[in-house]
Each structure stands twice: as C-alpha cells, then as structure tokens.
Amino acid sequence: MALIAPRMTAGLPAEDAGKLRQALEGGHDITVFVDGTVHRLTPQARDAVVDLLSRFGRGEAVTVSSVEEMLTTSQAAELAGISHTYLRNMTDRGEIPVEYRGTHRRIRLASIMAWLDEQKKSEKAAGTS
C-alpha cells in the first residue's frame, strides 16, 4: 500500500480541546454536514472521525494520510474478470500500470477500476456503431 500526501495539523488550543472533549464524552453520534447536506458515514469512517476528534480533544497534533490499495495480479485479474496471465501481459505492454515490490507485481485498485471503465465505454461505443 502506498502512502499518499500526509497532512500535519497542530493540536487545538486548550479551551477548544476541552470543549470538544466534553462534547465527545456524551456519545459517539457524529453528524457530518457538507454545504448543509447531511452525510451518513460507514461505521469504520465514523470511528476514524471520532478518533480524530478525540485526539484533537486531548490537544494532540494529528497527521492525516490515506493509503491507496495495491492488489496482487491474481486479485486484480479476479476483479477485472480476466486471467492473471492476460493481466500480466497487459502490464508488460504498459496497458495497465504496475509497481514492483521486490519481484512481485502490485497494481493499484484505481488502475483496474479505470481499465474496467474504459472497457465499458468501448463496449457501448461498439454497440452504437
């Protein structure tokens, strides 16, 4: 898995951290509003947000980063519905980007999803011609 652009944020001032800590002590019901629209989080995302806010509530500095999922050729081939040999040949031709971990190929989930989207577009275009 590859780390993507970590971001460091200083801890909250003591007064703000205390208010946040008190608010979180009442429960774990977190409502997320983006431009006035309510968004429900998955349990894992909710737990991550609560953890982040709890750390801020303790006055801790926080680093936030994301991890991009890397797949083996077998996992990527299964997801794409093709043989792993065909997938390896595609990576050899440069049709799907690949990274190596030692001698093992790893393919980004996003790369497989992009390839699948291209295949769907190609099928639609062929069907309308």
Side-chain angles (χ1 to χ4, degrees):
M1 295 190 178
L3 190 65
I4 301 172
R7 211 170 119 173
M8 180 85 167
T9 303
L12 294 174
E15 182 180 335
D16 293 337
K19 289 177 184 177
L20 181 57
R21 188 173 50 253
Q22 285 177 343
L24 289 170
E25 285 173 2
H28 291 299
D29 181 27
I30 303 294
T31 302
V32 177
F33 290 92
V34 178
D35 289 332
T37 303
V38 176
H39 294 273
R40 297 206 184 279
L41 300 176
T42 64
Q44 296 87 352
R46 186 198 58 78
D47 291 345
V49 170
V50 168
D51 181 57
L52 173 74
L53 294 174
S54 296
R55 291 170 191 268
F56 274 135
R58 292 190 298 268
E60 298 175 16
V62 176
T63 300
V64 177
S65 66
S66 60
V67 176
E68 186 168 325
E69 189 169 356
M70 301 295 284
L71 306 173
T72 65
T73 52
S74 295
Q75 291 169 323
E78 183 177 340
L79 179 62
I82 57 178
S83 73
H84 65 275
T85 302
Y86 184 68
L87 179 67
R88 281 197 312 269
N89 290 337
M90 290 173 59
T91 63
D92 289 344
R93 292 189 302 265
E95 295 173 27
I96 293 182
V98 66
E99 294 180 25
Y100 285 89
R101 301 291 186 264
T103 59
H104 300 282
R105 300 171 200 234
R106 295 294 179 261
I107 300 167
R108 294 180 189 276
L109 173 61
S111 296
I112 291 298
M113 299 310 289
W115 181 80
L116 286 169
D117 285 343
E118 287 176 24
Q119 297 305 303
K120 288 178 186 173
K121 289 177 186 173
S122 295
E123 288 173 9
K124 284 183 181 178
T128 57
S129 310

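- Put simply, the side chain of V34 does not reach to within 4.5 Å of the side chain of T37, judged on heavy atoms.
- Atoms CZ and CD, on R108 and E69 in that order, are 11.5 Å from each other to the nearest 0.5 Å.
- In terms of the side-chain contact (heavy atoms from CB on, under 4.5 Å) criterion, residue partners of D16 (sequence neighbours excluded) are, by chain and number, L12, P13.
- Ion pair D51/R55 flagged as a salt bridge, since at least one NZ, NE, NH1 or NH2 atom sits closer than 4.0 Å to an Asp/Glu carboxylate oxygen.
- By the neighbour-count criterion of 12 heavy atoms within 6.0 Å, atom NE2 of H39 is densely surrounded, having more than that number from other residues, nucleotides or ligands.
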With side-chain contact (heavy atoms from CB on, under 4.5 Å) as the test, would you mind laying out the steps for R105 and E99 before giving the verdict? CA-CA 6 Å; R105 300 171 200 234; E99 294 180 25; over 6 Å; no
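- Applying the side-chain contact (heavy atoms from CB on, under 4.5 Å) rule to L41 yields the partners V32, A45, R46, V49; only residues at least two apart in sequence or on another chain are considered.
- Taken from OG in S111 to CZ in R106, the straight-line distance is 14.0 Å, to the nearest 0.5 Å.
- In this structure, Y100 shares a hydrophobic cluster with L71, L79, I82, Y86, L87, M90, I96, V98, I107, L109, I112, M113, W115, L116, the cluster being traced through Ile, Leu, Val, Met, Phe, Trp and Tyr side chains under 4.5 angstrom apart.
- The distance from atom CD of E95 to atom CD of E118, rounded to the nearest 0.5 Å, is 9.5 Å.
- In this structure, E78 places its CD atom where only 12 or fewer heavy-atom neighbours from other residues, nucleotides or ligands lie under 6.0 Å away.
- Atom CZ of R93 has more than 12 neighbouring heavy atoms from other residues, nucleotides or ligands inside a 6.0 Å radius.
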